[in-house]
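Let me begin by presenting the structure, written as structure tokens, before commenting on it.
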Amino acid sequence: MTEHDFEEINYQKKMEEHRKKMERRMEKRRRDRQSHILLFVLALILLFLAFIGFRFAIPYLQKRNLLTPNKESAPAWETDIQPLSSEGETGEEENSGESSSLSEKEKAMKTADLQAKQYDYDDAIATLNALSETEDTEVSSKITEYEEAKAKLVPVDMNNITHIFFHILIVDTDRALKDTHQGRQYNSVMTTIPEFKEVIQEMYDRGYVMVHMHDIAEMQEQPDGTKKMVKKQIMLPEGKKPFVMSEDDVNYYIYMQGSGFADKMVLDENGKPKLQYTDKDGNVSVGDYDLVPILDAFVEEHPDFAYHGHKAILAFTGYNGVLGYRTDETFDPNSPALDPKNKANPNIEEDKETVKKLTQALKSDGYEFASHSWGHINFSTRSLEAIQKDTDRWERNVEPLLPDPCEILLYPFGADIGDWHPYQSGQQDGKFDLLENAGFHYFCNVDSTQVWMQYGDQFLRQGRRNIDGYRLYESYIGKADRLSDLFDVKKVFDTRRPTPINWE
């Protein structure tokens, strides 16, 4: 073999090694390229999943108050706060996916179950009987269950129904209960949110059940065409006790703004009533800042606290508008009744429509409405002429904002037009005739006894018990025992209150 042959062989070996080296390099590049492509695809997938996750997670967190801009400034006990939208209110009612996905039978079973929990067995049975699957074993079994439960109900004593009431609840005790004349008044006549929550929990634990005044008695047409107040019969399980609840001055007055109370009522995205609140730093949020949404949440968890779904009576005056909206004619820039002391409301017509939506939602939510007079007047001391003028203003400015004519009058200051004697036509200086002609048939004064009721042919009268700072404090220090049948005041009294508390 020649030297040239050796060189040729060496050359071929080098070329072969070079070729293999290039192949290994190309293979590595190919694998690297595949890895890069795979990593890129995985990154896209992860970004897509992250986007979808945040798309659904943010509403979820906001709904549960876990992602709220003003959360740090909200009270520690607050729940279900929602940020205020740019319009100043939350959106319209939306149907939940869960509800829309239920079958007709499932919806009926769910509705009937709620009706039964609230002692409305007749409607629960009717709901299931309306189904086409009445021969369904599950449906027929439920009907039998409801019939047996209804048979165990017992009649309650219709002469022994207590009535408690509150004013607008205090959100911020530091701002509300200052050492001023106004602050001392708030301390005596108002209730804090923690106190209210403890009251309803205690009363629920003791077997109390909310009823409407229309559950107690109602005007019924007689065979001769006249109408008469007829006592009804409430049926509840053994040991349950009916009571009436009301809240006065659900108006969110101008003078209370900035004092630690809610601003106005609004509807959330599900069409449920909530309260707008502005904290000490000017942060605005929507949440459970007064009786209505707190009571709603409690009944949702304890449906058997509300007889047939019935909740509290909400009492309105008119001179500052209703539910925090300046809807009265004295704020109307186009009305001759505009009060020069008031700031004219250019959106008054829009606000009236908003209030109508709110009161309709409240009615659907189980609430009744009452007059607290237009001008928060004393019916005991005012003349017949003054009461007529005030009633005319109520009928002109407030009643048109309600879903139905108003039949309940809760006397401001508890000042009744008469004494313990029954109302009679031509008596009480003509005041009863005036109020009856205005459509009122339910009248409530303020009485410190556990129960005061009076049935008449044209009326039902009931005494109300104030659950406020003064009443709580006198029980808390042992000065008087007026509340122990309802709750343990030691558990209820909010010790953040300045003491002593006197009647202001």
**Q.** Donor on one side chain, acceptor on other, S448 and R482, under 3.5 Å
**A.** yes
Q.
If the threshold is 4.0 Å, N to carboxylate O, is there a salt bridge linking E145 and K142?
A. yes
Q | Matching residue for M245 among H212, R464, M210 - test: side-chain contact (heavy atoms from CB on, under 4.5 Å) | A | M210
Q.
Ring of Y208, cation from K241 - is the NZ or CZ under 6.0 Å from the centre and inside 45° of the axis?
A. yes
Q) With a cut-off of 6.0 Å (strictly less than), are more than 12 heavy atoms of other residues, nucleotides or ligands near NZ of K231? A) yes
Q: Give a yes or no on whether E238 atom CD has more than 12 heavy-atom contacts from other residues, nucleotides or ligands under 6.0 Å away.
A: no
Sequence neighbours excluded and cut-off under 3.5 Å, please list the side-chain donor-acceptor pairs for residues 361-370, or say none.
unit_1, atom_1, unit_2, atom_2, d
K363, NZ, D404, OD1, 3.4
K363, NZ, D404, OD2, 2.6
S364, OG, Q360, O, 3.1
D365, OD1, K311, NZ, 3.1
Y367, OH, V292, O, 3.1
Y367, OH, D296, OD1, 2.8
E368, OE1, M213, N, 3.3
E368, OE2, H214, ND1, 2.4

(Q) Under 4.0 Å between a side-chain nitrogen and a carboxylate oxygen: does that hold for D288 and K274? (A) yes
**Q.** Any donor-acceptor pair under 3.5 Å from T162 side chain to Q450 backbone
**A.** yes
Q: Test F196 against every option in F298, F166, Y289 by the ring pair (Phe, Tyr, Trp, His ring centres under 6.0 Å) rule and name the one that passes.
A: F166
(Q) Could you work out, with ring-ring contact (aromatic ring centres under 6.0 Å, His included) as the rule, every residue matching Y411, not counting sequence neighbours? (A) F379
Q) Got a sec, which residues hit side-chain hydrogen bond (donor to acceptor under 3.5 Å, both in side chains) with Q115, two or more places apart in sequence or on another chain? A) T127
Q) Is the number of heavy atoms from other residues, nucleotides or ligands under 6.0 Å of K240 NZ greater than 12? A) yes
Q) Would you call the rings of F459 and F443 parallel, tilted or perpendicular, where under 30° means parallel and over 60° means perpendicular? A) perpendicular
Q: Would you confirm whether N270, through its side chain, and K272, through its main-chain N or O, come within 3.5 Å as a donor-acceptor pair?
A: no
**Q.** Salt-bridge criterion met for K152 and E148 (N-O under 4.0 Å)
**A.** no
Q) Is the closest basic N to carboxylate O distance between K490 and D488 below 4.0 Å? A) no
Q) Should W374 and D392 count as side-chain neighbours, where that means a heavy-atom distance under 4.5 Å? A) no
(Q) Does any part of the side chain of V446, heavy atoms only, come nearer than 4.5 Å to the side chain of F165, both counted from C-beta? (A) yes
**Q.** Salt bridge present between K150 and E147 (N-O < 4.0 angstrom)
**A.** no
**Q.** Neighbour count >12 (heavy atoms, 6.0 Å) for atom NZ, K232
**A.** yes
Q | Salt bridge R496-D174, side-chain N to carboxylate O under 4.0 Å | A | no
Q. Counting only heavy atoms not in E300, do more than 12 sit closer than 6.0 Å to its CD atom?
A. no
